[in-house]
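This report refers to the structure that appears directly beneath it.
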Protein chains: 2
Amino acid sequence: QFEFVGEASNGVEALAFIKGTPIDILITDISMAEMNGTELTKQVKKNYPDIKVLVVTMFNDPAIINEILMAEAEGYILKNTGKAELVQALTQIADNGTFYSREIMEIMVKARMKRKTTSDLTISPRETEIIKLIGEELSTAAIAERLFISPRTVDTHRKNILEKTGCRTIVGLMKYAFENNLL
Amino acid sequence: QFEFVGEASNGVEALAFIKGTPIDILITDISMAEMNGTELTKQVKKNYPDIKVLVVTMFNDPAIINEILMAEAEGYILKNTGKAELVQALTQIADNGTFYSREIMEIMVKARMKRKTTSDLTISPRETEIIKLIGEELSTAAIAERLFISPRTVDTHRKNILEKTGCRTIVGLMKYAFENNLL
DNA sequence: TTCAAAATACCTATTACTACTGATTTCCCT
DNA sequence: AGGGAAATCAGTAGTAATAGGTATTTTGAA
């Protein structure tokens, strides 16, 4: 049910081809000379928002998958998956949907779990509370007022938190908080 | 290929049952009286790390799915999916794998895209660069040194960035940066 | 009950950031 | 050639946070 309209051997060629020939779906790899798949996807999405992009590649690195997700591709499947899945991916994408193969999902979930379990510092409940309030952009004084304690105490908590987490500034603390879902 | 060993009508009952009867896989809903599925999953994972958890529910809210992912369930499928998918989920999970149905993946991807596209402020390349360096816990002076520009200039950039993003402090900026994947 | 961790509180400096205002240059687009 | 955004630089104040230190009270576990 699909019509093959052309091919290109890298990102630059692909963009040139699209310029002359209107297409509905673009199937691309990630590693290519001249312009890689991620960059190509971004360019296509920027200049031709209606063109759907399906990434078919061997890469299963969470970081790369994340980049592709951010580039807003409609689909991502691994090269070793069957023909049936490719057809289903194309069908769903043609129908204004998205398609990410099960392997991809699993990779992301696992990466996520890993990230979560790598930290097991002993941050006390009160400290966690303070971190949350810091995350709400409250100053030391404001936090003290909110918790009905002295600003000095909040100071001490901040100090202890920074020491425990190994951060030098609140910026580092915020990164820590985000990575460990404390907010 | 599976053996049914028992059932419970809420989280508390389930925990009590597990206490007396060893099980391999727990299938649970999310909304339950006494103790919800997310909490149950966390408790089970904490006390019986070897028990696999498959969540079968009607919820398709990204926030809830995220909670479940964080609770480290091995699988998540929607109630309206077919029996074949349920069996496959159980099979994969029994085989030390994970299973998240395609719908779930799509919901997450869409939520992610939405989050990304809701913000289209005009932050300049230089400003983005500054944000990244702030994220590296560099002070204004340090950033100036790194970029070979005056600290005053960095000051101005910071000011403009805060104004553009509507943040009052760097903490707010860091939240913005994380939500928009600027780091 | 005794010990340790957590939470509470204070002091003194120094450093860093925010708020206000104003200005020049460079570069791209029309 | 002109307009406008981006990037550059400067001053002055005031506010907030970090780095040292010290010390008391509460609380939960052994």
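Letters A, B, ... are given to chains in the order of the sequence lines, protein chains preceding strands, and every chain is numbered from 1. Just so you know, these numbers use all the heavy atoms, side chains as well, and skip hydrogens, waters and symmetry mates.
Annotation: the span from A:Leu78 atom CG to A:Ile104 atom CD1 amounts to 4.0 Å, rounded to 0.5 Å. The distance from atom CD of B:Glu179 to atom NZ of B:Lys175, rounded to the nearest 0.5 Å, is 7.0 Å.
Atom NZ of B:Lys79 is surrounded by more than 12 heavy atoms from other residues, nucleotides or ligands within 6.0 Å. Sparse packing is recorded around CZ of A:Phe148, with 12 or fewer heavy atoms of other residues, nucleotides or ligands lying under 6.0 Å away.
Scanning all heavy atoms of the two residues, the minimum distance from A:Asn36 to A:Ile30 falls at CB-O, 3.3 Å. Residues A:Arg146 and A:Leu138 approach most closely at NH2-CD1, 3.6 Å, considering heavy atoms. Annotation for B:Val53 and B:Thr28: closest pair CG1-CG2, 4.1 Å, computed over non-hydrogen atoms. Annotation for B:Leu54 and B:Tyr76: closest pair CD1-N, 3.8 Å, computed over non-hydrogen atoms. Across every non-hydrogen atom of B:Pro151 and B:Thr140, the tightest pair is O-CG2, 3.6 Å.
Base engagement by B:Arg152 is indicated by at least one non-hydrogen atom pair under 4.0 Å involving a base atom. The residue A:Pro151 sits apart from the nucleic acid: no heavy atom pair falls under 4.0 Å. Contacts of A:Thr169 with the nucleic acid, taken as non-hydrogen atoms under 4.0 Å apart, involve only primed sugar atoms and P, OP1 or OP2. In this structure, A:Asp155 reaches the bases: a heavy-atom distance under 4.0 Å links it to at least one base atom across the strands shown.
A:Glu163 has its CD atom 11 Å from the C1' atom of D:dA19, to the nearest Å. D:dT15 atom P lies 18 Å from atom CD1 of B:Ile170, rounded to whole Å. Regarding B:Arg158, its CZ atom lies at a distance of 15 Å from the P atom of D:dT8, rounded to whole Å. Rounded to a whole Å, the CG atom of A:Leu173 is 12 Å from the P atom of D:dA19. The NE2 atom of B:His157 sits 13 Å away from the P atom of D:dA10 (whole-angstrom rounding). One can place CG of A:Asn160 at 15 Å from P of D:dT22, the figure rounded to the nearest angstrom.
DNA chain D lies under 4.0 Å from at least one heavy atom of each of the following residues of residues 130-143 of chain A: A:Ser139, A:Thr140.
For the side chain to side chain donor-acceptor pair (under 3.5 Å) with B:Lys52, the qualifying choice from B:Asn96, B:Asp24, B:Thr98 is B:Asn96, the only one to do so.
An end-to-end axis angle of 60° holds for the helix from C:dT1-D:dA30 to C:dT30-D:dA1, taken from five base pairs per end and rounded to 10°.
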> Between A:Arg126 and A:Glu129, does a salt bridge (Lys or Arg N to Asp or Glu O under 4.0 Å) hold up when you go through it step by step?
Replying inline: CA-CA 5 Å; A:Arg126 193 56 154 179; A:Glu129 205 177 351; 3.1 Å; yes
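An OP1 or OP2 oxygen of D:dC9 is reached within less than 4.0 angstrom by a side-chain nitrogen or oxygen of B:Thr153.
Closest-nucleotide positions on DNA chain D for B:Lys159 and B:Ser124 were compared, and the one nearer the 5' end corresponds to B:Ser124.
A salt bridge links A:Glu74 to A:Lys45: at least one charged side-chain nitrogen sits closer than 4.0 Å to a carboxylate oxygen.
For DNA chain C, the outermost nucleotides in 5' to 3' order that have an atom under 4.0 Å from a heavy atom of chain A are C:dA6 to C:dT12.
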